[in-house]
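Step one of this worksheet: look at the structure below.
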Amino acid sequence: MRLLIMGPPGAGKGTQAAVIGEHYGIPAISTGNIFRLAITNRTKLGERIKRIIAEGGYVPDSLTLKVVVERLEEDDAKDGWLLDGFPRTLRQVTALDSELEAHGFHLDAVVSLTADEEAIIQRMLKRAEIENRPDDNEETIRNRMEVYHEQTDPLLDVYRERGLLIELDGMGAVEEVSQRVLAALADRLGR
Ligand code: ADP
């Protein structure tokens, strides 16, 4: 099983990714988490991307691709995965296509969580107090939204045209959204 989960910042991708990963027994791989860990651990990668993330921009494709390819080569990702927060640019889509093709794999589905923009901005500001994420302040959040609309929104059309997109309402209680997501996936994938 090879899945993507997409959606604007704060739409709850990470939370639902964990639920889906658990349900299908595949690792939920979040580029955002990998980057944040690198920053916390002050690795070379972390030092390079810290400013970009704090300002709400995108990490350069070259760095992102290296991180993803390395992660997909790990043992637990052999039989499937769910990618959360990748791809985010058209170049990343192309790179993922090549990576899949090189191994004779294909995507099974792409879950897209939709959400009301003002509501998720409020949600992120609340999360900022709890999780202390460096990129959850109002200015950065607005910037992340803008970058998302500009660079990542167009990817939905790509996957829609391929017949892979499952669009779901990401608003509501976590359990409610999880049920919606798992039901839609079961419907599409037959399991
Ligand atoms: P969000 O829920 O706000 O989208 P993520 O945890 O997915 O948060 O990502 C946090 C930040 O990490 C992004 O704003 C971006 O700077 C960086 N990032 C994550 N994934 C990618 C990617 N695929 N390409 C470029 N930058 C990325």
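One-based numbering, in listed order, for ligands and for the atoms of each. Values reported hereafter were calculated over all heavy atoms of this structure, with side chains retained and with hydrogens, waters and symmetry mates removed.
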Residue pairs involving residues 136-145 (criterion side-chain hydrogen bond (donor to acceptor under 3.5 Å, both in side chains); sequence neighbours excluded): E118-R142, R127-D136, D136-R144, N137-T140, E138-R142
Taking CG in D157 as the centre, count heavy atoms belonging to other residues, nucleotides or ligands within less than 6.0 Å. Is the count above 12? yes
Sorted by first residue and then second, give each side-chain hydrogen bond (donor to acceptor under 3.5 Å, both in side chains) pair with at least one member in residues 18-33; sequence neighbours left out. N33-R36
Are V67 and V59 side-chain neighbours, meaning at least one heavy-atom pair lies under 4.5 Å? no
For E167, give me all partners under salt bridge (Lys or Arg N to Asp or Glu O under 4.0 Å), at least two apart in sequence or on another chain. R160
Going by heavy atoms in the side chains, are F35 and T64 under 4.5 Å from each other? yes
Who are the residue neighbours of ligand 1 when the rule is a heavy atom under 4.0 Å from any of its atoms? P9, G10, K13, T31, G32, F35, R36, I53, G57, Y58, V59, T64, G85, F86, R88, Q92, R133, D135, R144
